[in-house]
Amino acid sequence: MKLNAKQRIPLSWMRSMMMLVATVFILSSCNMDDGDSLPENVAYVSLYQASPNAPAMDIQIDNRQLNIYPFDYTDYTGYLRFFTGSRNFKFTPDNANNVVADTTLALGAGRTYSIFTVGDYSDLKVLKLEDNADAPSDGKAMVRLVNLSPDAPTLEVSASGQNDPLFSDSNFMDASDFMELTATEYDLIVTSPDDNSIQLNVPDIKFQNGYYYTIILRGYHTPSAGNNNNLSAEIIVN
């Protein structure tokens, strides 16, 4: 089923990430309100930079640069419209030519995707997830977990006051399916049940009726000297 969702693109990103017109993609963001259908001749793609030790980067789509301003850690584009078919994605350091990640991804008509750059910069990986999911029931939100912490132990996410975890057995690059949660406010807790070395509190998270969300776990459990990108959580609206 095609994804119906309310989509936001952060104003800070819109100010910094100006897109270039190219024949390989369509210059546009999308706002998918409940009940909207996706055009069949395009795919919707968002990009998120989750490599906690990568420098600012440039993005090339079929050898045409997508960004004017650098693609930095935790930057998120929101959904952009892409032509369908096989699209080649290259990531390079800002204003440099050496390619640190190169992959060709198939984009289907009327489908939605999230693309993440993940892992240590020396072994940068590209993770593609398909975002299409069933519509939530009334009073529910659809929520998934994506674990992008390169060095954390197995993680789980719980909600304060609930006995069972919302998400469990999550390792690096694991992504859960979207699951229905009651649309309300949660105090989330990220833990590592195998060794109890992690307890990350993420309070006052409001999941709204009919919306789709991704909980992103990113950063290092144990950063190297000079790196301040510690394990943290971000919730984005799909």
Side-chain angles (χ1 to χ4, degrees), residues 3 5 46-54 73-76 101 113-134 136-137 139-238:
L3 178 66
S46 69
L47 295 103
Y48 187 100
Q49 208 300 78
S51 173
N53 70 339
Y73 179 57
T74 76
D75 277 345
Y76 171 60
Y113 304 92
S114 293
I115 294 173
F116 303 89
T117 48
V118 302
D120 291 325
Y121 179 64
S122 61
D123 187 27
L124 192 71
K125 295 176 172 57
V126 178
L127 174 65
K128 183 185 85 168
L129 302 178
E130 185 162 347
D131 299 344
N132 297 73
D134 292 339
S137 305
K140 303 289 187 179
M142 298 292 278
V143 183
R144 71 177 172 188
L145 176 68
V146 180
N147 184 348
L148 304 180
S149 175
D151 69 335
T154 300
L155 299 174
E156 70 179 27
V157 177
S158 303
S160 179
Q162 297 190 13
N163 293 327
D164 296 326
L166 302 176
F167 304 96
S168 58
D169 298 322
S170 181
N171 295 297
F172 177 53
M173 294 183 67
D174 283 349
S176 75
D177 294 330
F178 282 100
M179 61 175 288
E180 279 193 340
L181 292 179
T182 300
T184 188
E185 186 171 283
Y186 293 82
D187 292 329
L188 301 179
I189 306 165
V190 181
T191 57
S192 54
D194 290 345
D195 63 8
N196 296 314
S197 65
I198 293 171
Q199 179 162 330
L200 174 66
N201 295 314
V202 190
D204 304 326
I205 301 302
K206 176 69 173 180
F207 294 136
Q208 298 189 59
N209 180 35
Y211 279 57
Y212 295 72
Y213 298 89
T214 297
I215 303 170
I216 297 174
L217 304 179
R218 80 269 172 104
Y220 289 117
H221 175 38
T222 308
S224 59
N227 188 301
N228 297 317
N229 294 324
N230 294 287
L231 178 67
S232 61
E234 181 178 2
I235 289 81
I236 61 173
V237 184
N238 292 102

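- Annotation: side chain to side chain donor-acceptor pair (under 3.5 Å) contacts of S232 (sequence neighbours excluded): R218.
- A101 and L124 get closest at one heavy-atom pair: CB-CD2, 3.9 Å.
- The distance from the CD1 atom of I236 to the OG1 atom of T74 is 11.0 Å, given to the nearest 0.5 Å.
- Residue Y212 holds its OH atom at 10.0 Å from CG of N238, rounded to the nearest 0.5 Å.
- A donor-acceptor pair is defined here as one N or O able to donate and one able to accept, closer than 3.5 Å; such a pair exists between the side chain of Y213 and the backbone of Q208.
- For E130, the salt bridge (charged side-chain N to carboxylate O under 4.0 Å, His left out) partners are R111, not counting sequence neighbours.
- Remark: N171 pairs with T154 by the side chain to side chain donor-acceptor pair (under 3.5 Å) rule, at least two apart or across chains.
- One distance of note links CZ of F172 with CG of L155; it measures 12.0 Å at 0.5 Å rounding.
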Which donor-acceptor pairs under 3.5 Å do the side chains of residues 190-204 make with protein atoms, sequence neighbours left out?
| from | atom 1 | to | atom 2 | distance (Å) |
| --- | --- | --- | --- | --- |
| S192 | OG | D195 | OD1 | 2.8 |
| S192 | OG | S197 | N | 3.1 |
| S192 | OG | S197 | OG | 3.3 |
| S192 | OG | I198 | N | 3.0 |
| D195 | OD1 | S197 | N | 3.0 |
| D195 | OD1 | S197 | OG | 2.9 |
| D195 | OD2 | S197 | OG | 3.2 |
| S197 | OG | H221 | NE2 | 3.4 |

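- D187 contributes no side-chain N or O that, together with a main-chain N or O of S160, makes up a donor-acceptor pair within less than 3.5 Å.
- Between L127 and I115, every side-chain heavy-atom pair lies at or beyond the 4.5 Å cut-off.
- Partners of N229 according to the side chain to side chain contact (heavy atoms under 4.5 Å, CB included) rule, which considers only residues two or more places apart in sequence or in another chain, are P52, Y73, N227.
- Annotation: salt bridge (charged side-chain N to carboxylate O under 4.0 Å, His left out) contacts of K140 (sequence neighbours excluded): none.
- Note that CD1 of I235 and NZ of K206 are 14.5 Å apart. Values are rounded to the nearest 0.5 Å.
- At distances below 3.5 Å, not a single donor-acceptor pair connects side-chain atoms of N228 with backbone N or O atoms of N230.
- Side-chain N or O atoms of N53 include one that pairs as donor or acceptor with a backbone N or O of Y121 at under 3.5 Å.
- Under the rule for a side chain to side chain donor-acceptor pair (under 3.5 Å), E156 has no partner lying at least two apart in sequence or in another chain.
- Distance check: T117 OG1 to Q49 CD gives 3.5 Å after rounding to the nearest 0.5 Å.
- Interatomic distance, S158 OG to F167 CZ, rounded to the nearest 0.5 Å: 10.5 Å.
- The heavy-atom pair separating D151 from G219 by the smallest distance is OD1-O, 4.2 Å.
- In this structure D120 satisfies the salt bridge (charged side-chain N to carboxylate O under 4.0 Å, His left out) test with no other residue, sequence neighbours excluded.
- A pairwise comparison of heavy atoms in L166 and A159 identifies CD1-CB, 4.0 Å as the closest pair.
- A heavy-atom distance below 4.5 Å is not found between the side chains of Y76 and I216.
- Tested against L217, the residues L148, L145, V146 include a single side chain to side chain contact (heavy atoms under 4.5 Å, CB included) partner, L145.
- Inter-residue side-chain proximity for Y220 and L231 is flagged as unmet; no heavy-atom pair is nearer than 4.5 Å.
- Inspection of the Y48 and E234 side chains reveals an N or O donor paired with an N or O acceptor under 3.5 Å.
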Apply side-chain contact (heavy atoms from CB on, under 4.5 Å) to residues V118 and M173 and explain how you reach the verdict. CA-CA 8 Å; V118 302; M173 294 183 67; 4.0 Å; yes
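- Evaluation of the ring pair (Phe, Tyr, Trp, His ring centres under 6.0 Å) rule for Y186 yields F207 as partners, not counting sequence neighbours.
- The salt bridge (Lys or Arg N to Asp or Glu O under 4.0 Å) pairs that include a residue from residues 171-186 number zero, where partners must be two or more places apart or lie in different chains.
- Pairing each heavy atom of G139 with each of N209, the nearest pair is N-OD1, 2.8 Å.
- The side chain to side chain donor-acceptor pair (under 3.5 Å) search around S114 returns S46, D131, R144, not counting sequence neighbours.
- Remark: of the listed residues T214, I215, I205, I215 is the sole one forming a side chain to side chain contact (heavy atoms under 4.5 Å, CB included) with V143.
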